[in-house]
Amino acid sequence: MNWVLIITLFSLSSAVTLINNAKFNPDNRDVVLSNITGVNSQFNCICLCFSNSKCLTAMYSAITQRCILYLASLNQGTLTLMTTNAMTSVFTFRNKTLPAPSSVTSTNETVYGIWNTSAGHDSFASTSGTSSGNYVASESPINVFDGNLNTKYINFGSCNATFGLYDAECGVNTGLYVSLRRGPSLLQGFVFGTANSFPARDPLVISIEGSNESPSQLTFGSSWNLIYNGSCGLDVDPGRYSWGVPQWIVNNTKWYSSYRILVVSKRSTGEFVQYAEINLLAYYVD
Ligand SMILES: *[C@@H]1O[C@H](CO)[C@@H](O)[C@H](O)[C@H]1NC(C)=O
Ligand SMILES: *[C@@H]1O[C@H](CO)[C@@H](O)[C@H](O)[C@H]1NC(C)=O
Ligand SMILES: *[C@@H]1O[C@H](CO)[C@@H](O)[C@H](O)[C@H]1NC(C)=O
Ligand SMILES: *[C@@H]1O[C@H](CO)[C@@H](O)[C@H](O)[C@H]1NC(C)=O
Ligand SMILES: *[C@@H]1O[C@H](CO)[C@@H](O)[C@H](O)[C@H]1NC(C)=O
Ligand SMILES: *[C@@H]1O[C@H](CO)[C@@H](O)[C@H](O)[C@H]1NC(C)=O
Ligand SMILES: *[C@@H]1O[C@H](CO)[C@@H](O)[C@H](O)[C@H]1NC(C)=O
């Protein structure tokens with residue numbers, strides 16, 4: 001296997017594996033960080049990848065002098081062997097440490113509030129009001145991505161507050177979905193922020209699903225793939241207007257353009273579920 005040549009060009013912590021006469025086909029086409037022309041040597045392409053903090057793998061064509069940088073490790077794609085005269089090579093930084101994932105939402109996302117919905121099932125739209133399936137107009141789902149712990153999203157779920165319903169189920173199976181303005185991302189974790197009042201209304205367990213379907217398909221449960229189902233990081237009440245414990249999603253390799261977040265359980269009794277913020281932490285290509 002002569003075509004695998006391991007070189008340690010840079011520091012010990014960032015060894016490069018070079019694979020000559022190969023092409024890299026990433027599993028997801030959203031991982032291309034840049035596509036640079038006029039790169040006159042393989043060495044310069046390696047340097048370009050080295051100096052881009054998100055570049056893990058790159059492909060160089062000596063014929064077209066093109067260097068393509070990918071936010072993907074070698075195992076997030078496949079290699080195709082090429083003939084020698086194609087003059088392409090692939091190299092990968094085996095243990096480069098990526099920067100921490102960052103927040104992917106903007107303050108003006110279009111967010112759809114939903115209720116009567118659980119992972120894998122169809123979504124039912126929530127509207128404003130004070131009865132079952134409603135959120136209060138001033139406490140709508142857009143508030144979770146406004147970067148402000150002073151505003152919150154509440155949802156009564158199956159409970160009719162006008163009728164005086166008040167239990168642990170109120171607000172369970174509610175949540176939201178959003179197609180992020182930034183485009184596809186690789187979700188790595190998230191942090192929930194608590195609202196102003198009553199810890200009993202905090203969510204405890206949530207599910208997160210991802211989808212690459214078009215907006216018209218997103219009400220269908222079949223459009224969604226489960227990414228996470230567990231604690232939202234508020235097991236220990238961090239206090240009001242406060243961030244919970246960041247929750248990390250281990251081994252997620254799937255890029256999604258939309259996310260659906262649903263409340264599976266709530267801390268205690270109360271007429272609705274409430275939270276101030278959800279900070280989604282992900283990798284993406286600018
Ligand atoms: C980098 O990865 C190689 C194996 O792929 C390993 O032997 C080496 O210890 C790693 N270096 C660091 C600094 O983690
Ligand atoms: C790089 O750019 C060229 C020219 O626009 C295009 O043909 C090629 O498909 C691009 N490659 C990737 C991986 O984006
Ligand atoms: C809000 O979204 C629109 C696209 O609909 C965009 O043009 C605008 O720049 C965004 N504003 C902010 C403050 O992000
Ligand atoms: C709640 O969802 C079920 C399907 O899971 C559906 O049959 C029922 O009509 C929904 N209820 C309301 C009030 O939308
Ligand atoms: C909620 O309860 C009020 C008062 O009993 C009633 O008028 C209203 O129709 C109920 N709403 C729903 C959606 O059941
Ligand atoms: C999520 O976890 C809860 C337990 O916390 C479980 O009841 C539920 O079935 C799980 N949902 C999925 C879709 O795995
Ligand atoms: C993540 O992947 C590694 C390597 O495949 C594996 O050893 C580990 O158990 C996985 N962790 C989880 C939580 O799935």
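Ligands are counted one by one from 1 in listed order, and the atoms in each one are counted from 1 as well.
Ligand 5 places these atoms under 4.0 Å from at least one heavy atom of S132: 13 (C). Close contacts of ligand 6 with A119, meaning ligand atoms under 4.0 Å from a residue heavy atom, involve 13 (C).
Residues R201 and E271 are paired through a salt bridge, judged by an N-O separation under 4.0 Å between the basic side chain and the carboxylate.
Residues meeting the ring-ring contact (aromatic ring centres under 6.0 Å, His included) test with F145, sequence neighbours left out: none. Checked against ring-ring contact (aromatic ring centres under 6.0 Å, His included), Y283 has no partners two or more places apart in sequence or in another chain.
Although no hydrogens or angles enter the test, the distance criterion places no donor-acceptor pair under 3.5 Å between the side chain of T117 and the main chain of N173.
Considering backbone and side-chain atoms together, Y70 places no N or O closer than 3.5 Å to any N or O of ligand 2. For ligand 5, the polar-atom distance check against S131 finds a nitrogen or oxygen pair separated by under 3.5 Å.
Looking only at protein heavy atoms, the nearest one to atom 3 (C) of ligand 5 is N160 ND2, 3.6 Å. Protein heavy atom nearest atom 12 (C) of ligand 2, with residue, atom name and distance: N35 ND2, 3.3 Å. Looking at atom 5 (O) of ligand 5, its nearest protein heavy atom turns out to be F163 CD1, 3.2 Å. What sits closest to atom 4 (C) of ligand 5 on the protein, heavy atoms only, is T162 CG2, 4.1 Å.
In this structure, atom 14 (O) of ligand 6 is in close contact with the protein, since a protein heavy atom lies within 4.0 Å of it. Less than 4.0 angstrom separates atom 9 (O) of ligand 5 from none of the non-hydrogen atoms of the protein.
Close to ligand 2: R66, with a non-hydrogen atom less than 4.0 angstrom away.
C49-C55 SG separation is under 2.5 Å; the pair is scored as a disulfide.
Side-chain atoms of S89 and Q42 include a donor-acceptor pair closer than 3.5 Å.
Taking each of V264, L262, N229 in turn, the one with a heavy atom nearest to atom 11 (N) of ligand 6 proves to be N229.
Figure legend: K54 and Y284 shown as a cation-pi pair, the cationic atom lying under 6.0 angstrom from the six-membered ring centre and within 45 degrees of its axis.
Aromatic ring pairs are classed by plane angle as parallel below 30°, tilted from 30° to 60° and perpendicular above 60°; the pair Y228 and F190 is perpendicular.
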